Amino acid sequence: MTDQQQGAGDAAAGSGGAKDFIRQIIEEDLAAGRHETVVTRFPPEPNGYLHIGHAKSICLNFGVAEEYGGRCHLRMDDTNPIREEEEYVEAIRRDVRWLGFDWGEHYYHAADYFEQLYEYAVMLVRRGLAYVDSQGQDEIRAQRGTPTEPGVESPYRNRPVAENLDLFERMRAGEFPDGAHVLRAKIDMAHPNILMRDPVLYRIRHVAHHRTGDAWCIYPMYDFTHCLSDAIERVTHSLCTLEFENNRAIYDWVLDNLPVPARPRQIEFARLNLTYTVLSKRKLMRLVEEGHVAGWDDPRMPTLCGLRRRGCPPAAIRAFCDRVGVAKRNSIVDVGLLEHAVRDELNRTSPRVMAVLDPLKVVIENYPEDLVEEFDCVNNPEDPGAGTRRVPFSRELWIEREDFREDPPRKFFRLAPGREVRLRYAYLITCREVVKDDAGRVVELRCTYDPATRGGDAPDGRKVRGTLHWVSVPHAVDAEVRLYDRLFSVPHPEEDRERDFVELLNPDSLRVLERCKVEPLLAGAGPGERYQFERKGYFCVDPETESAGRPIFNRTVTLRDSWARIEARMRS
RNA sequence: UGGGGAGUCGUCCAAUGGUAGGACAUGCGGCUCUGGACCGUAGAAUCGGGGUUCGAAUCCCUGCUCCCCAGCCA
């Protein structure tokens, strides 16, 4: 029930067996002999936790590498010491492994290339293709122009090479304060692509780096670092999201102007968006910092650690990413698709168990006081190899409060006064009397059972429509159950122009049930174990169980509930 | 009024000049000791306008809408 980290060789294509455009490009490149092997990379910046959107990229990069017999590198894109922290790099490695992927020996940090990057920068200076600009940030910004007006050249743009070399060297040596100078590429201040208007390549930052410590006080920018890191690692296909389309011009310019060992190609695809959640780092950060959720691994978070704690199996995430496909169109995937992938996986793999979330006592008046029977229950009807277990049954039982209606509506097949239902695996019982407290609340049901129906079938062939789950009162184990629902109450929380997204949070995204009764087997349940609570949903043991003294279960997702749909429709 | 991208069922993805197909969702039916799962079935789309062609989602022209870009972030 816990996950083995094994390769994720799922189907190559999500829909209809067709290859996505990236795989088509790769196949063409391979067929044309442009590469002998495929090398991709997943390059997170260690300044936040990985989420389901990253999973799409991870599955794509590791997936194509696996399919075409190549390899995929894990590379920390750590060029900005101000934002990045060691805490995140460990979390990222853990999450990628948990998802089921293996980078083998190919674990890298952009920071490990700082020396080579510096040498490349010097080469650019020598070639007259980069210069030290001594203006402040505001001047540089003002000179950049706008989308419709060209920029203005810096007065330092034509500094002699020797002077640039000297200054750049002294930048590295720490002679200047932050912001005193930057190294810029000398491209074209009138370029229609603003990113090509002499982009900054290096900035001074007297800040310790999580990996290189105090070795550097100048740090390279993304546009200079990423393409060269790819080239150094001999990446063949550098897959990134759509917002980097404009950056491809610099990517190519840098590689075209430097003697690089390989010529990677950047290809952009649409990032994943999901309904009823947010996936931007900034917004996820706010949810955590403002306390709207309990942390990065809150089971409502779309982070991989959140999904893990929620009980979502990595195989389900992989299957989901497969079905989502890869294209260039901005899109928002229905979270129902994720839920479907989760149910699909869990249905096949999780053991069934009986748990009563909102207990109502049933006393079987004609059942012997001291008798305890045990019934063989199927662990997983989808998996005959999962076997059976024995569950104790006695005169007093817990059933689900919502499985009884004093005044049953049409199509309600469950228990009601005078009505007969089946207790799963056990007996048919009939409700004889409803006991209420002074407030009129139903507190107990007095029932009778038919001894001839042992096992759940009537010898006379009479049919019952309803089957209820139950837990024997004297054998029940107390448990806490946390019912998680969608984090937001609207499908597109980011699209609302009037209201801040935190105002759209679903107030019922978490309901804690303290007095649940579960079958005895679950007394020893360990963190991470996943179960189906029959008729209720899929649940996963929370890590806090270990210190709580009783099991705590997180609801991963409900079972599809057609009765709830019928009832909702009858109401409207 | 710059440059770079994208528009196909409710949603996501296919169809690469030759019957617009799949998945999820939804409706209906079947089966069922989980109102689960499963099985069957139905409805549902090519952004608009021109053109080329025997034939256009696909090629051409034109219009419209949406996304990205003016960090010393990635």
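A note on names: the letters A, B, ... follow the listed sequences, proteins ahead of strands, and every chain is numbered from 1. What you are looking at is a predicted structure, and each value in this text was computed from that prediction instead of being measured.
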Taking the [atom1] atom in each of [N] and [M], what is the distance between them to the nearest angstrom?
N     : M     : atom1 : answer
B/C54 : B/A70 : P     : 49 Å
B/C28 : B/U46 : C1'   : 28 Å
B/C13 : B/U52 : P     : 33 Å
B/G35 : B/C31 : C1'   : 13 Å
B/G7  : B/A44 : P     : 24 Å
B/G50 : B/C68 : P     : 32 Å
B/A23 : B/G40 : P     : 10 Å
B/G5  : B/G10 : P     : 29 Å

Anti or syn - B/G55, cut at 90° from 0: anti
Please confirm whether A/R352 makes a cation-pi placement over A/Y531, using NZ or CZ under 6.0 Å from the six-membered ring centre and within 45° of the ring normal. no
Counting the atoms with a prime plus P, OP1 and OP2 as sugar-phosphate, which does [X] contact under 4.0 Å by heavy atoms, base, sugar-phosphate, or nothing?
X      : value
A/V182 : base
A/R141 : sugar-phosphate
A/K411 : base
A/G136 : base
A/S331 : sugar-phosphate

Got a donor-acceptor pair under 3.5 Å from the side chain of A/N246 to the base of B/G3? yes
Is there a donor on the side chain of A/R414 or the base of B/G35 sitting less than 3.5 Å from an acceptor on the other? yes
Of all the choices, B/G5, B/A25, B/A74, which nucleotide is nearest to the side chain of A/K328 once you look at every atom? B/G5
Separation of atom [atom1] in [X] from atom [atom2] in [N], rounded to whole Å:
X      : N     : atom1 : atom2 : result
A/R144 : B/G2  : CZ    : C1'   : 16 Å
A/D178 : B/G71 : CG    : C1'   : 15 Å
A/R424 : B/U34 : CZ    : C1'   : 5 Å
A/E245 : B/C68 : CD    : P     : 12 Å

Decide, applying a 5.5 Å centre-distance limit and a 30° plane-angle limit (both strict), whether A/W563 stacks on B/G35. yes
I need the minimum non-hydrogen distance between A/E494 and A/T277, along with the two atoms involved. OE2-O, 4.3 Å
Can A/R535 and A/D403 be counted as an ion pair, charged N to O under 4.0 angstrom? yes
Inspect the contact between A/E243 and A/R271 and indicate whether a charged nitrogen and a carboxylate oxygen are less than 4.0 angstrom apart. yes
Could you check A/E382 against A/P192 and say which one's nearest nucleotide on RNA chain B is further toward the 5' end? A/P192
